[in-house]
Amino acid sequence: MFLRQAGKRLIYLTGGILFVLMLGGCGGAGEKTQSAMQMIQELNYQGALEQLDSAEEGGENLRLINRARGIACMGLIDYESAASFFEAALAGSDGLVQNVDYDLNFYLAAAYTKSGRYSEAEAIYDAILALRPEEEDAYFLRGNVRLALNNYEGAKEDFDKVISMNATNYDRLIEIFEVLDYYGYGEAGQVYLRSALETGGKEMDQYARGRIYYFLGEYQSAYLALEEAREKGGAESYLYLGRAYEATGDYNYAANVYNSYLENNEGNAEMYNQLGLCEMTRGEYRKALEAFQAGMQLQNTTMMQTLSFNEIVAYEYLGEYMQAQVLMENYLKNYPDDAQAKREYEFLSTR
């Protein structure tokens, strides 16, 4: 059974940049709609949908209700329903383009992307860029879907544009590398990374330099730079530092890095997951289980599925198959579309 890393940040820009846009722009959100949005932030998607039904009955703004319904469905991994709600919200426009319309189009494109409707997603980014030609996120996301459509040259044009707009945005540069690598263009992605190292000079800090070395596979250079930058990037610094040591085979020191962060900072779900993965590699299955479970105790974590799956794996490695089977049954109730989990459940049923 394979453990699960934290999800890659590919085409997942539907959270950070969009939630910062105001719910206003078309009349304002009612009390129940705002309550539902709070539930969504708490990952209570089903409760949010029920609250939004009540909001509609109470005559609150239907555009914002459908927007919120779409976001909740995204959280429930029901992308077709999400797309339908976003389309309905857009159809309710009064013809004047407002911030909420851009917001909805970004969400709709994300829903199309998640459901494999890449051409439709590309068309939306085309429309956004026709009105906002300096929208960096739209170029980046269109590059993602162009790769999914096997249009490497078009994607490269978009990524080149993104980098030209802000050459020192190393977070975005790494995202570009990751998506290129995901689609089999890792060498092209490394060209971007090496160019950044060559041109960054003294303005590039050790945190950025260390991360770039990590993705170039130069792990010793990575951990030397990241050791200097432990506090610079918070949890991310520790995660990359630990992973760099793991890549060199030094799992003991990597575990110390993760534990050092967790002992001195608030809990971090991805850190607990990475610690658990590291402990599994060391054969410390009980410690791994404790790490996964500690991560699951955190509030509002977006990693619950990954941690829950890895908890089951840890029980299996401990030989506690009955417990693993019970947890897998509950897991499949929450995540019924997980094909890998279904296969593993069949295996556990025979133990």
Side-chain angles (χ1 to χ4, degrees), residues 1-10 12 42-46 75-77 182 214 217 219 223 235-236 238-351:
M1 190 170 186
F2 294 101
L3 292 153
R4 291 188 179 172
Q5 299 275 354
K8 284 193 174 183
R9 292 173 293 181
L10 306 179
Y12 294 172
E42 295 169 356
L43 312 184
N44 181 8
Y45 303 119
Q46 197 60 52
L76 290 169
I77 322 178
Y182 179 82
Y214 175 81
Y219 301 118
Y223 68 64
E236 286 286 297
Y238 283 80
L239 283 167
Y240 279 111
L241 178 60
R243 288 167 181 158
Y245 278 110
E246 286 190 66
T248 66
D250 194 344
Y251 296 101
N252 291 335
Y253 193 81
N256 288 336
V257 169
Y258 304 135
N259 279 312
S260 174
Y261 178 87
L262 292 166
E263 288 167 3
N264 295 288
N265 298 275
E266 292 184 7
N268 179 287
E270 189 171 357
M271 192 74 68
Y272 276 119
N273 187 62
Q274 195 65 40
L275 173 61
L277 295 172
C278 185
E279 297 290 11
M280 291 289 286
T281 304
R282 297 171 66 206
E284 298 284 352
Y285 305 126
R286 185 63 62 183
K287 288 183 179 179
L289 176 63
E290 292 171 357
F292 297 138
Q293 291 177 335
M296 293 168 65
Q297 295 303 309
L298 300 177
Q299 296 295 315
N300 303 336
T301 174
T302 58
M303 289 196 58
M304 187 59 71
Q305 181 175 1
T306 297
L307 288 161
S308 299
F309 187 91
N310 287 344
E311 178 194 28
I312 296 168
V313 177
Y315 272 118
E316 186 174 339
Y317 272 88
L318 286 165
E320 300 182 26
Y321 298 111
M322 288 294 293
Q323 179 67 9
Q325 183 176 353
V326 170
L327 290 174
M328 183 61 82
E329 290 173 354
N330 186 62
Y331 176 94
L332 286 170
K333 290 178 183 177
N334 293 321
Y335 310 105
D337 296 327
D338 191 329
Q340 182 183 352
K342 289 178 181 178
R343 291 192 296 271
E344 193 57 32
Y345 179 67
E346 292 178 4
F347 166 75
L348 287 169
S349 299
T350 66
R351 302 296 296 183

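One finds the OH atom of Tyr285 at 15.0 Å from the CD atom of Glu290 (value rounded to the nearest 0.5 Å). Expressed to the nearest 0.5 Å, how far OG1 of Thr302 lies from CG of Leu307 amounts to 9.5 Å. Taken from CG in Leu327 to CD in Glu316, the straight-line distance is 11.5 Å, to the nearest 0.5 Å. Atom CD of Gln323 and atom CG of Leu318 lie 10.5 Å apart (nearest 0.5 Å).
With a 4.5 Å cut-off on side-chain heavy atoms, Tyr272 and Leu298 count as touching. Taking the side chain as every heavy atom from C-beta outward, Lys287 and Asn259 never approach each other to under 4.5 Å. You'll find the side chain of Met303 reaches within 4.5 Å of the side chain of Asn273, heavy atoms only. Between Gln299 and Glu42, the closest side-chain pair of non-hydrogen atoms is not below 4.5 Å.
Under the rule for a side-chain contact (heavy atoms from CB on, under 4.5 Å), the partners of Gln293 that lie at least two apart in sequence or sit in another chain are Leu289, Glu311, Tyr315. Gln46 meets the side-chain contact (heavy atoms from CB on, under 4.5 Å) test with Leu49, Glu50, Leu76; sequence neighbours excluded. For the salt bridge (charged side-chain N to carboxylate O under 4.0 Å, His left out) test, no residue two or more places apart in sequence or in another chain qualifies with Glu329. With sequence neighbours excluded, the residues satisfying side-chain contact (heavy atoms from CB on, under 4.5 Å) with Tyr219 are Tyr214, Ala247, Thr248. Judged as a salt bridge (charged side-chain N to carboxylate O under 4.0 Å, His left out), and not counting sequence neighbours, Arg343 has no contacts.
Considering every non-hydrogen atom in both Pro336 and Lys342, the closest pair reads O-CE, 2.8 Å. Residue Ser308 comes nearest to Tyr331 through the heavy atom pair CB-CD1, 3.9 Å, listed as atom of the first residue, atom of the second, then distance. Nearest heavy-atom pair, Ala235 versus Asn268, reported as atom, atom and distance to 0.1 Å: CB-ND2, 3.6 Å. The two residues Ala288 and Gly276 make their nearest non-hydrogen contact at CB-O, 3.3 Å. Listed here is the closest heavy atom pair of Tyr258 and Gly242: OH-C, 3.0 Å. Closest approach of Leu262 to Gly267, counting heavy atoms only: CD2-CA, 4.5 Å.
Checked options Leu275, Leu239, Leu241; the residue passing with Val257 is Leu241 (criterion: side-chain contact (heavy atoms from CB on, under 4.5 Å)). Of the residues Tyr253, Tyr238, Tyr240, the one that meets the ring-ring contact (aromatic ring centres under 6.0 Å, His included) test with Tyr245 is Tyr253.
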Apply side-chain contact (heavy atoms from CB on, under 4.5 Å) to residues Tyr335 and Met304 and explain how you reach the verdict. CA-CA 11 Å; Tyr335 310 105; Met304 187 59 71; 4.0 Å; yes
Walk me through it: do Asn310 and Met280 pass the test side-chain contact (heavy atoms from CB on, under 4.5 Å)? CA-CA 10 Å; Asn310 287 344; Met280 291 289 286; over 6 Å; no
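In summary, the side chains of Tyr251 and Glu279 do not present any donor paired with an acceptor at a separation below 3.5 Å, with no hydrogens or angles considered.
Note on residues 245-263: no pairs pass salt bridge (charged side-chain N to carboxylate O under 4.0 Å, His left out), not counting sequence neighbours.
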